[in-house]
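So that the names make sense, note that chain A is the first sequence line, chain B the second, and so on, each numbered from 1. Just so you know, these numbers use all the heavy atoms, side chains as well, and skip hydrogens, waters and symmetry mates.
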Number of protein chains: 2
Amino acid sequence: MNSEPSIKHRMTRQKRVILDVLKGTDTHPTADWVYEKVKKKIPNISLGTVYRNLNILKSQGEILELNFGKGFSRFDGNVSYHYHFTCEHCGRIRDVESPMFEHLNEEVGRNIGHKVSRHRLEFYGECTDCATQ
Amino acid sequence: MNSEPSIKHRMTRQKRVILDVLKGTDTHPTADWVYEKVKKKIPNISLGTVYRNLNILKSQGEILELNFGKGFSRFDGNVSYHYHFTCEHCGRIRDVESPMFEHLNEEVGRNIGHKVSRHRLEFYGECTDCATQ
DNA sequence: CTACCTGCAAACTTTTTGCAGCCCA
DNA sequence: TGGGCTGCAAAAAGTTTGCAGGTAG
């Protein structure tokens with residue numbers, strides 16, 4: 001994977017469209033979803049190129065790789081750190097607008113005796129769309 | 001995967017040893033680590049059997065499947081729900097003895113307008129072992 | 001020009017599954 | 001005894017990579 005900081009990365013058409021797709025959705029898509037979407041603009045793009053660019057963009061801090069324990073990754077063009085809410089009924093993943101609980105790091109760090117620098121918090125439940133059906 | 005509740009699961013030697021291995025460690029091992037460990041007692045066990053039993057045990061609530069975004073799962077014989085701390089230096093995953101923040105579900109649920117029933121919280125940082133080296 | 005990037009396809013890794021025989025309840 | 005379970009091996013599914021030609025800067 002060409003993501004060492006020493007390499008000067010170029011802005012190619014492929015990379016730009018991939019980034020645009022990710023910045024233009026809040027659906028936390030999989031690599032394959034991105035691939036299908038990008039194919040509409042660049043029909044002969046390859047899945048390998050999508051993966052390569054996702055890794056480069058991730059290493060450059062332009063996107064986030066999320067993981068919800070399904071054996072594949074999801075990607076997020078919203079790099080401002082935030083929590084997520086997953087509906088266990090429809091599977092949709094939403095951004096949580098709630099503020100972050102910054103104090104948890106220090107609180108738990110003191111408790112366990114290790115230096116805690118960040119945390120990841122995911123909420124699960126049933127969204128209103130599903131509850132009202 | 002034979003994990004429908006309708007199926008009457010049996011206790012086989014393989015399943016018992018797999019469960020013993022998981023209950024006897026706090027290292028949050030991968031399926032392959034469990035496989036290697038179980039092979040010492042049942043040398044001709046197959047990896048497929050390990051995976052099948054891990055899935056059955058998980059569906060029965062006897063173990064937990066964890067996911068730390070590395071392309072493979074980790075398993076936990078400690079099913080009392082708890083948080084984890086991952087050292088980003090040595091990679092070791094420790095249980096967090098801190099009490100759970102039960103109020104987060106209601107607080108965030110009110111904020112986002114969806115029914116939140118549980119959350120998952122993972123801490124990251126540097127453990128004392130690594131910090132003092 | 002010359003790194004870096006692309007499409008293609010093969011390779012890799014983790015996990016699942018079909019099958020014929022085995023064994024727990 | 002029969003339905004679930006096993007070992008084996010092949011298949012899936014997601015992701016990475018080697019290569020020869022293409023292109024951004």
Engineer: Nearest whole angstrom, please: distance from the P of dT6(D) to the CZ of Arg16(B).
Structural biologist: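 Those two atoms, CZ and P, are 13 Å apart.
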Engineer: Could you give me the CA-CA distance, side-chain angles and deciding distance for Asp95(B) and His28(B), then say whether side chain to side chain donor-acceptor pair (under 3.5 Å) is met?
Structural biologist: CA-CA 9 Å; Asp95(B) 292 332; His28(B) 312 86; 2.7 Å; yes
Engineer: Of Thr49(B) and Arg10(B), whose closest DNA chain D nucleotide lies nearer the 5' terminus?
Structural biologist: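 That would be Arg10(B).
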Engineer: Using a cut-off of less than 4.0 Å, is there contact between a side-chain N or O of Asn55(A) and OP1 or OP2 of dT15(D)?
Structural biologist: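 Checking dT15(D) against Asn55(A), no side-chain N or O comes under 4.0 Å of OP1 or OP2.
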Engineer: Kindly compute the distance separating CG (Asp32(B)) from CZ (Phe72(B)), expressed to the nearest 0.5 Å.
Structural biologist: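 Separation between the atoms: 10.0 Å.
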Engineer: Nearest of dT14(C), dG14(D), dT6(C) to any side-chain atom of Phe72(B)?
Structural biologist: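 Per side-chain heavy atoms of Phe72(B), the pick is dT14(C).
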Engineer: Nearest nucleotide by nearest heavy atom, which residue falls closer to the 5' end of DNA chain C, Arg13(A) or Gly48(B)?
Structural biologist: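 This one resolves to Arg13(A).
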Engineer: Mind checking whether His84(A) and Phe68(A) have parallel, tilted or perpendicular rings, split at 30° and 60°?
Structural biologist: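 Because their plane-to-plane angle is over 60°, the rings of His84(A) and Phe68(A) count as perpendicular.
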Engineer: Looking at dC5(D), I'd like to know if its phosphate oxygens (OP1 or OP2) sit under 4.0 Å from a side-chain N or O belonging to His9(B).
Structural biologist: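 So the side-chain polar atoms of His9(B) do come within 4.0 Å of the phosphate oxygens OP1 or OP2 of dC5(D), strictly under.
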Engineer: So if I take every side-chain heavy atom of Ile7(B) and compare against dC5(C), dT6(D), dG4(D), which nucleotide ends up nearest?
Structural biologist: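 Comparing dC5(C), dT6(D), dG4(D) against the side chain of Ile7(B), the answer is dG4(D).
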Engineer: Is Thr12(B) close enough to dG4(D) that one of its side-chain N or O atoms is under 4.0 Å from OP1 or OP2 there?
Structural biologist: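 Looking at the OP1 and OP2 atoms of dG4(D), neither is under 4.0 Å from any side-chain N or O of Thr12(B).
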Engineer: Let's see if you can work this out: which of dT15(C), dT15(D), dC5(D) has an atom nearest to the side-chain heavy atoms of Ala31(B)?
Structural biologist: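 Closest of the options to the side chain of Ala31(B): dT15(C).
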Engineer: Could you tell me the separation between the CD1 atom of Ile18(B) and the CG atom of Asn53(B), rounded to the nearest 0.5 Å?
Structural biologist: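 The CG atom of Asn53(B) is 4.0 Å from CD1 of Ile18(B), to the nearest 0.5 Å.
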Engineer: Base, sugar-phosphate alone, or nothing: which one does Ser73(B) contact when heavy atoms must sit under 4.0 Å apart?
Structural biologist: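 Sugar-phosphate contact only - Ser73(B) comes under 4.0 Å of backbone atoms but never of a base.
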Engineer: Rounded to whole angstroms, how far apart are CZ on Arg74(A) and P on dG14(D)?
Structural biologist: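 Taking atom P of dG14(D) as the reference, CZ of Arg74(A) is at 11 Å.
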Engineer: Round to the nearest Å and state the distance from Leu66(A) atom CG to dG14(D) atom P.
Structural biologist: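 One finds 17 Å between P of dG14(D) and CG of Leu66(A), rounded.
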Engineer: Distance criterion of 3.5 Å, no angle test: do you see the side chain of Arg52(B) paired donor-to-acceptor with the base of dG7(D)?
Structural biologist: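 Under the 3.5 Å cut-off, the side chain and the base do form a donor-acceptor pair.
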Engineer: Please identify which of these residues, Leu121(B), Asp76(B), Val96(B), meets the side chain to side chain contact (heavy atoms under 4.5 Å, CB included) condition with His82(B).
Structural biologist: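 When side chain to side chain contact (heavy atoms under 4.5 Å, CB included) is applied between His82(B) and each of Leu121(B), Asp76(B), Val96(B), only Asp76(B) qualifies.
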Engineer: Can you tell me the distance, in whole Å, between the NZ atom of Lys39(A) and the C1' atom of dG7(C)?
Structural biologist: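 Result: 13 Å.
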Engineer: Would you kindly give the CG-to-P distance between Asn67(A) and dG14(D), to the nearest whole Å?
Structural biologist: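 Roughly 13 Å, once rounded to whole Å.
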Engineer: With sugar-phosphate meaning primed atoms plus P, OP1 and OP2, does Leu47(B) contact a base, only sugar-phosphate, or nothing at under 4.0 Å between heavy atoms?
Structural biologist: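 Result for Leu47(B) = base.
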Engineer: Send over the distance from Phe68(A) CZ to dG14(D) C1', rounded to a whole Å.
Structural biologist: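 Between C1' of dG14(D) and CZ of Phe68(A): 17 Å.
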Engineer: If you assign Met11(B) and Phe75(B) each to the DNA chain C nucleotide with the nearest heavy atom, which residue ends up on the more 5' nucleotide?
Structural biologist: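 Checking each residue's closest nucleotide, the 5'-ward one belongs to Phe75(B).
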Engineer: Check the phosphate of dC23(C) against Gln14(B), side-chain N and O only, distance under 4.0 Å to OP1 or OP2. Yes or no?
Structural biologist: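 It does not, given that no N or O in the side chain of Gln14(B) lies less than 4.0 Å from OP1 or OP2 of dC23(C).
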Engineer: Name the nucleic acid region contacted by Asn53(B), choosing base, sugar-phosphate or nothing; use a 4.0 angstrom heavy-atom cut-off, strictly under.
Structural biologist: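 Sugar-phosphate: the residue Asn53(B), judged by heavy atoms under 4.0 Å, touches backbone atoms but no base.
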Engineer: Lys8(A) has an atom NZ; how far is it from atom C1' of dA24(D), in whole Å?
Structural biologist: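 Atom NZ in Lys8(A) sits about 11 Å away from atom C1' in dA24(D).
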Engineer: State yes or no: are the ring centers of Tyr83(A) and His119(A) separated by less than 6.0 Å?
Structural biologist: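 Distance test on ring centres: under 6.0 Å, yes.
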Engineer: Measure NZ/Lys15(A) against P/dA3(C) and give the value in whole Å, please.
Structural biologist: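 Roughly 18 Å, once rounded to whole Å.
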Engineer: Which part of the nucleic acid does Tyr51(A) contact within heavy-atom distance under 4.0 Å: base, sugar-phosphate only, or nothing?
Structural biologist: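 Counting heavy atoms under 4.0 Å across all strands, the contact made by Tyr51(A) includes a base.
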